[in-house]
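Here is how names work: the chains are called A, B, and so on, in the same order as the sequence lines, proteins then strands, and each is numbered from 1. Note that this is a predicted model, so its numbers are computed, not measured.
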There are 2 protein chains.
Amino acid sequence: MRLSKRGEYGLRAMIDLAILEPETGNGVVQIKEIAEREKIPAKFLEQILLTLKNAGLLHSKMGIGGGYYLARPADEITLGHIIRILDGPLAPIRCVSQMAYEPCGCPDERTCGLRLVMLDVRNAISDILDKTSLMDVCKRVEDAHLKLEEPSSSPQHD
Amino acid sequence: MRLSKRGEYGLRAMIDLAILEPETGNGVVQIKEIAEREKIPAKFLEQILLTLKNAGLLHSKMGIGGGYYLARPADEITLGHIIRILDGPLAPIRCVSQMAYEPCGCPDERTCGLRLVMLDVRNAISDILDKTSLMDVCKRVEDAHLKLEEPSSSPQHD
DNA sequence: TAATAGTATACTAAATATATAGAGTTTATA
DNA sequence: TATAAACTCTATATATTTAGTATACTATTA
């Protein structure tokens, strides 16, 4: 049930881009910057961002002052979409995948116990990842920062 | 986010054992039988069942008339437990794993956006798999069979 | 004591994951 | 217009995991 490094790095980079977007003006950020900030091997990240670009989630600008930027508003890019591009289907087992269905060879799918449960799992995962956008993540990060600065919520004795 | 063949085969075999249990009297079933019924390579299944036995979920009987049987009542064995034994942690990323935590290297876990979302995913998966027992699966399979036999629920015009 | 059935390891081929390398292309700007 | 910055593209390399095979061994029972 694991996310690959490829998927993890891609998500981190996209979140990084989304968070920086309001600060940079045009939203353009270099691979090298992202790689350093997120501790990702730069050459590996190149491939990942290129894949994401070819899938239409990123645009890029070549040459001096160039870099990558989100192809769409942050609230229109979901984590589920990013993961599907980099790691394939969310479903734990192909016979419950919406985007990449394959029969699993059980005698009758309608009464296959494993399938019934895994369908629930797939839906639970999709309910989160397909409904969480980069914008949502930005908000949660911001909220988490605010919560840290406001010590009233976790009272300390002097 | 995928379940390995090892995990899938193990789950299918355990479900098979749980379903057969009431019919066989002592619940003892041979590897070969399970392998044929579930279309699993027998030698591979041997390894898997042995692992499950060493983890304490199965008992076995050697010699003629031998085989494997559940070490505990079917309602005390969860799918989450089986998967953890065969495939490792349920969590998509180590830094949100309960059983196999590892830091991911982000500057601050408390404000890491990826971690916040993946924690939700881990919990959603665990909420299903750690709360679904082999007995629950048996019931769902039975219900599904009943539903198929009762055509009233899906009316057909003659 | 022979057949049955699980035990235990070792091995291997293929796929996948995780990168690394290097030559090429585009762009800004000095 | 030359140069350096930055992305593009493809190939290659390495390590790990997956999925399975092989083989010799041990225990049980008819």
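- Looking at heavy-atom distances under 4.0 Å, B:I31 makes contact with sugar-phosphate atoms alone, never a base.
- For the pair A:N123 (side chain) and A:L119 (backbone), a donor-acceptor distance under 3.5 Å is present.
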> What string of B, S and - do you get for nucleotides 19-28 of chain C, 5' to 3', when a contact is any protein heavy atom under 4.0 Å?
Replying inline: BBBB--BBBB
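- Residue B:N54 is the one, among B:N54 and A:D87, whose nearest nucleotide of DNA chain C lies closer to the 5' end (criterion: closest heavy atom).
- Bounding nucleotides for the chain A contact on DNA chain D, 5' to 3', at a heavy-atom distance below 4.0 Å, are D:dA4 to D:dA11.
- For B:E36 and B:K32, the salt-bridge test fails: no basic side-chain N is under 4.0 Å from an acidic carboxylate O.
- For B:R122, the CZ atom counts as densely surrounded, since its 6.0 Å shell holds more than 12 non-hydrogen atoms of other residues, nucleotides or ligands.
- Salt bridge present: B:K131 and B:D127 bring a charged side-chain N and a carboxylate O closer than 4.0 Å.
- For the pair A:K139 and A:D75, the salt-bridge criterion is not met [side-chain N within less than 4.0 Å of a carboxylate O].
- A:L17 and A:F44 fall within a single hydrophobic cluster, where Ile, Leu, Val, Met, Phe, Trp and Tyr side chains are chained together by heavy-atom contacts under 4.5 Å.
- Atom NZ in B:K53 sits about 7 Å away from atom C1' in C:dG6, given to the nearest Å.
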Name each donor-acceptor pair under 3.5 Å that joins a side chain in residues 51-71 of chain B to protein atoms two or more places apart or in another chain, with its distance.
{"unit_1": "B:T51", "atom_1": "OG1", "unit_2": "B:Q47", "atom_2": "O", "d": "2.9"}
{"unit_1": "B:K53", "atom_1": "NZ", "unit_2": "B:S60", "atom_2": "OG", "d": "3.0"}
{"unit_1": "B:N54", "atom_1": "ND2", "unit_2": "B:L50", "atom_2": "O", "d": "3.4"}

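- Whole-Å rounding puts the B:L52 CG to C:dG6 P distance at 14 Å.
- Taking CD1 from B:I93 and CZ from A:R12, the interatomic distance works out to 5.0 Å, rounded to the nearest 0.5 Å.
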